[in-house]
Asks: 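Pasting a structure below so you can have a look.
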Amino acid sequence: MQNLEDFKHNKDKMDRIMDLLTLGLFIMNAIILIFALVKLPYRIPNHLNLKNEIDGYGNKFTLIIPFLIGTILCSVLYFLESRQGFYKDTMNRIKTQEQFQMAMKTVISLKPLLAYVFLMISVLMIQTAQYKWVNYSNYFVFLVLAPFPFHIVYWLYKY
C-alpha cells in the first residue's frame, strides 16, 4: 500500500469554481430561507398529493430541514475531501493514485449538485407554503435534473 504522502490532490481552477459554486448555492439557500421564515405565518401547507392538492400542514420551521440535510451532506463531502487516510484504507493496490484522483473529482463535483438539489427543494417548499407553484409541482423533477447535463460535461472535460 502506498504512503499517505502519495495521496495528494492539488485543486485546479475548475475545482475551486465548483467549491465557490457550492458555497454560493448554500448562501443563496440561506438567504431565501431567512426571508421566507420572516414572511410566512407559523402554520403553512407542506405536502401535496398526486392531484396537486394540499393535504398536509405544518409549522414554517420545517422549511429548515432540506437546508440542514444538504449542509450536512456537503460537509461530509468536504471532510472526506480533506482526509486522505480514508481513501488509503479503501483502495486497491493497483492504480491507487488514479483511483484517488477520480474519487476526489467525484467528491468535488457532487457538492454543487447536492447544493442545487437542496436549494430547489427549499424553493419548492417555500412556494408551496405561499400557495404558489401548486399546479407546477409536476415540473419539479425537471428543475432538479437540470444541472446533471453540466455535470456530465464537467466529467468529459476532465477525462
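Predicted, not measured: the structure shown is a model, and the values here were computed from it.
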Asks: Applying a strict under-4.5 Å side-chain criterion to I, L, V, M, F, W and Y, I'd like to know whether Phe61 and Phe67 cluster together.
Replies: yes
Asks: Under 4.5 Å between side-chain heavy atoms, hopping through other hydrophobics if needed: is there a path connecting Leu124 to Leu37?
Replies: yes
Asks: So do the side chains of Cys74 and Thr22 get within less than 4.5 Å of each other, counting heavy atoms only?
Replies: yes
Asks: Assigning hydrophobic clusters by single linkage (Ile, Leu, Val, Met, Phe, Trp, Tyr; side-chain heavy-atom cutoff under 4.5 Å), is Val123 placed with Ile65?
Replies: yes
Asks: Test of understanding: clusters of I, L, V, M, F, W, Y form through side-chain heavy atoms closer than 4.5 Å, transitively. Do Tyr42 and Leu63 belong to the same one?
Replies: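 Tyr42 and Leu63: one cluster.
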Asks: Just how far is it from atom CZ of Phe26 to atom CG of Leu33, taken to the nearest 0.5 Å?
Replies: 12.0 Å
Asks: Which distance, rounded to the nearest 0.5 Å, do you find between the CD1 of Ile69 and the CZ of Phe118?
Replies: 5.5 Å
Asks: If you measure from CG on Asn29 to CD1 on Ile64, what distance do you get to the nearest 0.5 Å?
Replies: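 If we round to the nearest 0.5 Å, Asn29:CG and Ile64:CD1 are 11.0 Å apart.
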Asks: What distance separates Leu77 CG from Leu113 CG, expressed to the nearest 0.5 Å?
Replies: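 Rounded to the nearest 0.5 Å, the CG-CG separation comes to 10.5 Å.
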Asks: Given Pro112, which of Leu21, Asp19, Leu23 fulfils the side chain to side chain contact (heavy atoms under 4.5 Å, CB included) condition?
Replies: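 Among Leu21, Asp19, Leu23, the one that satisfies the side chain to side chain contact (heavy atoms under 4.5 Å, CB included) with Pro112 is Leu21.
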Asks: With the 4.5 Å side-chain cut-off for hydrophobic clustering, are Ile34 and Leu68 part of the same group?
Replies: no
Asks: Treating Thr62 as the side-chain partner and Gly58 as the backbone partner, does any N or O pair qualify as donor plus acceptor under 3.5 Å?
Replies: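 A pair under 3.5 Å: no.
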Asks: Could you state the interatomic distance from CD1 (Ile44) to CD1 (Ile126), rounded to the nearest 0.5 Å?
Replies: 8.5 Å
Asks: Out of curiosity, Leu119 CG to Leu25 CG, how far, rounded to the nearest 0.5 Å?
Replies: 6.0 Å
Asks: Are the side chain of Lys60 and the backbone of Leu40 linked by a donor-acceptor contact shorter than 3.5 Å?
Replies: yes
Asks: If you count heavy atoms of other groups shown closer than 6.0 angstrom to OH of Tyr57, is the number above 12?
Replies: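 Count over threshold, so yes.
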